[in-house]
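Let me begin by presenting the structure, written as structure tokens, before commenting on it.
A, B, ... follow the sequence lines: proteins, then strands. Residue 1 opens every chain. What's counted below: heavy atoms across the whole structure, side chains too, no hydrogens, waters or symmetry copies.
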There are 2 protein chains.
Amino acid sequence: MKQKVTLKQIAKELDVSISTVSKALKDSVEISLDTRQKVKAFAKLYNYKPNNIALSLKNRKTKTIGVIIPEIVHHFFTTVIGGVEKVANEKGYNVIICSSNNSFDKEVINLEMLASGSADGFILSVAKETQLKKDYHHIEETMNQGMPVVLFDRIIDEIVCDKVIIDDAKGAQAATNHLLSIGCRKVAILTTVDYISVGKLRTNGYLRALRAYDIQEEEELILKIEDVDNCEAEISEFLRNKDIDAVFAVNELFAVTAAKVLNEQGKKIPDDISIIGFTDGILSKHFIPSLTTISQHGEDMGIRAAKLLIDKLEGDDTVSEEYRTVIIDTSLIQRQSTKKTKR
Amino acid sequence: MKQKVTLKQIAKELDVSISTVSKALKDSVEISLDTRQKVKAFAKLYNYKPNNIALSLKNRKTKTIGVIIPEIVHHFFTTVIGGVEKVANEKGYNVIICSSNNSFDKEVINLEMLASGSADGFILSVAKETQLKKDYHHIEETMNQGMPVVLFDRIIDEIVCDKVIIDDAKGAQAATNHLLSIGCRKVAILTTVDYISVGKLRTNGYLRALRAYDIQEEEELILKIEDVDNCEAEISEFLRNKDIDAVFAVNELFAVTAAKVLNEQGKKIPDDISIIGFTDGILSKHFIPSLTTISQHGEDMGIRAAKLLIDKLEGDDTVSEEYRTVIIDTSLIQRQSTKKTKR
DNA sequence: TTTCCACACGCAAACGTTTGCGTTACCTAC
DNA sequence: GTAGGTAACGCAAACGTTTGCGTGTGGAAA
């Protein structure tokens, strides 16, 4: 089990100095052609690869991007990562992914860990707990140390930095609008508790759409779900015998769960009730009936976020005090779970 | 925008040497209590964090694990990652995730990149292209440089190293067995082309189960799918008017697609045809009807893989020439897509 | 007063690179 | 023969740590 070969070893073998080897490998004219070739041949033979760690230490940059997301087992976030990886790799950056598991503490730990030398900048979507706690010191500290941060999706208004979001309210309004435009009038919404920023925004969009149609909002048509993992009973209870003709769910899970319980309650989708979801995931696509939904274009978000970050990383420090917020357009993907009603 | 504070800066401010600061922070008895407290107070104030890069360089280890998977947008792999992260974090390791996107080249690039200083060891599941190409030099090189590798799921028999797998053949046999035991006799299989190791193994398991029941295998009940992304038409064609009473799909996508096309062809699941899948993902769980499937226990795989790797990393080099293969038990998760037939 | 010891701290090397500049040695030209 | 130039290479510092060992200072014991 041979060890990694270093410049020093090559130097010793060839009886030249370390700097000669280094320069030879970079084709410096300072070194004779002869020596250059000898060194390169030797390096290839022993499969020399410069040690990234040493380079990072010397250059004070790691060429890697840290991505921290609330959940790794989540289709939307993985598509975002896909986008990030795409542009990162193009530009010669590595990507480190950590999941906070929606825990504030783990988010702090991960961020500090990566911030102390492992990454040059961050792309992150904050944990649920962080949104609840409103404690952002770790993010601010990271930025104070000169490392750029790009927030996406679950962002924090109070923090000034680059951001990539969708217009959640607008998307939700479009979704609700679609339901209204096909004739639905009693639209229930399945949303999250208010401290989840995107949930609240989507709820707002829903309300806005109703108002635009002069429809009075009704408390009993709004369900704010706290415990996402055990939402089925709650949704079932909520939907039972309710006089509605449509359901807008702010995420995929709520949408399919609604479809499931409505099914069990003998309702036909989309004939009796239309359903529209949010996030174009694998579930929406393959469910029967396939679900009409709002696509967040996760990959695009990742691409834009990575570009913003790399711009900051490679820009001169002079222009770096300007922050941008990119809003990705959502789009309505029409499938089988919504249908024009006859009334 | 202040920079990261280093030992050197603290030393200068306090007018002591760097080593004194370093030792003071580690509570060395060499340093007077007075100085220790002063240094620590100062360090806290300026939020000193040791630079990981420098530590890595010094210690010749990074305390990070590299994970390379074929696809990041894939529920099974993300659950595995979840398991890896769990034990890695417990043991103070960082996790870097890269996806090869099933491309051989990207797998090589990622591995070499991480191998040149960013990670101490690897957990990886090889890309489709790699399995096809049978070119494993990058993995062997990495191991030759003294970095342990743990292969999981899509492994390579020719490489000697730690491995974590499920008994794919056995799982497939159990799946098929279940279909046979509830009375099905004409069982079709939707599988992948043979160069995908797990696909082939699952096909073998299917055949074994048939033989155990003295059922003649029939070529026309076996569909080997190459283009996973556009499998619907192929599956629809294959299943049309076929005299079968059950379908065994080697992955989730094939299973739901089968369910969908059978639905369209007017068959009832599970009344007319039973379906069983492989991989307990989000689709199987939420589909209607929910899908009976074989669970691979992805998180367990991740946990075991991480443990194997860390054992190697932290063990003395003397015992390190022994490699283990851990086989994770699969289990049958019975849901609504399979049902005892009356015959 | 001398000797010794312990305490408190600093020096320097090491990890693997890169790079500006200094240093040879040889050659050319005058 | 000497000055000057140039080709080819080595030195050393720097990135931020850690740590064994050397060193200076002081006090106490003899």
Side-chain angles (χ1 to χ4, degrees), chain A residues 2-40 42-43 46-64 113 115-120 145-147, chain B residues 2-40 42-43 46-64 113 115-120 145-147:
Chain A
K2 51 183 173 179
Q3 277 303 307
K4 302 223 60 171
V5 49
T6 70
L7 288 185
K8 190 192 270 189
Q9 291 168 36
I10 300 184
K12 202 201 283 183
E13 293 287 327
L14 261 43
D15 208 38
V16 292
S17 80
I18 296 181
S19 21
T20 302
V21 177
S22 175
K23 285 169 185 169
L25 288 175
K26 330 204 90 168
D27 250 333
S28 161
V29 290
E30 272 190 81
I31 308 301
S32 72
L33 210 75
D34 224 45
T35 315
R36 266 188 265 170
Q37 289 174 341
K38 234 187 310 181
V39 170
K40 283 202 231 161
F42 200 89
Y46 281 84
N47 193 29
Y48 169 79
K49 294 266 160 47
N51 182 321
N52 281 337
I53 294 285
L55 287 181
S56 298
L57 185 57
K58 183 125 194 47
N59 303 331
R60 277 113 146 315
K61 60 173 82 160
T62 61
K63 277 277 185 177
T64 95
M113 179 168 222
S116 54
S118 303
D120 297 334
Q145 288 172 354
M147 318 171 90
Chain B
K2 50 182 174 180
Q3 275 305 307
K4 303 225 60 173
V5 49
T6 70
L7 287 185
K8 189 192 272 188
Q9 292 167 37
I10 300 184
K12 201 201 282 183
E13 292 288 325
L14 261 44
D15 207 39
V16 292
S17 78
I18 296 181
S19 21
T20 303
V21 178
S22 174
K23 285 170 185 167
L25 289 175
K26 329 204 92 170
D27 251 334
S28 160
V29 290
E30 271 190 83
I31 308 300
S32 72
L33 210 74
D34 226 45
T35 315
R36 266 187 266 171
Q37 289 173 341
K38 234 186 311 181
V39 170
K40 283 202 231 160
F42 200 89
Y46 281 83
N47 192 30
Y48 169 78
K49 294 266 160 49
N51 182 320
N52 281 337
I53 294 285
L55 287 181
S56 298
L57 185 57
K58 183 124 192 52
N59 302 331
R60 275 98 146 333
K61 60 174 80 162
T62 62
K63 277 272 183 183
T64 95
M113 179 168 223
S116 53
S118 303
D120 296 336
Q145 287 171 354
M147 320 175 81

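Taking only distance into account, the side chain of A/Lys23 meets the base of C/dG20 through a donor-acceptor pair shorter than 3.5 Å. Under 3.5 Å, the side chain of A/Thr20 and the base of D/dC9 form no donor-acceptor pair of N or O atoms. The base of C/dC11 lies close enough to the side chain of B/Ser19 for a donor and an acceptor atom to sit less than 3.5 Å apart.
Between the side chain of B/Thr64 and the backbone N or O of B/Ser118, at least one donor-acceptor pair lies under 3.5 Å. Distance alone, capped at 3.5 Å, places no donor-acceptor pair between the A/Asn51 side chain and the B/Gly117 backbone.
A residue-by-residue look at B/Asn59 and B/Ser17 shows that B/Ser17 has its nearest nucleotide of DNA chain C further toward the 5' end. Each of B/Ala54 and B/Asp15 has a nearest nucleotide on DNA chain C; the 5'-most of these lies closest to B/Asp15.
Looking at the side chain of A/Lys8, the nearest of the listed nucleotides C/dC15, D/dA14, C/dA12 is C/dC15. The listed nucleotides are D/dG16, C/dT19, D/dT18; the one nearest the side chain of A/Lys26 is C/dT19. For B/Leu55, counting side-chain heavy atoms from C-beta on, the closest listed nucleotide (D/dC15, D/dT17, C/dT17) is D/dT17. Candidate nucleotides D/dT18, C/dT18, C/dC15 were compared by shortest atom distance to the side chain of B/Leu7, and D/dT18 ranks first. Here the side chain of B/Ser22 is nearest to one of C/dC15, D/dC15, D/dT19, namely D/dT19.
For A/Lys49, the NZ atom counts as densely surrounded, since its 6.0 Å shell holds more than 12 non-hydrogen atoms of other residues, nucleotides or ligands.
Against DNA chain D, the stretch residues 28-35 of chain B makes heavy-atom approaches under 4.0 Å through B/Glu30.
Residue A/Arg60 places at least one side-chain N or O closer than 4.0 Å to OP1 or OP2 of D/dG16.
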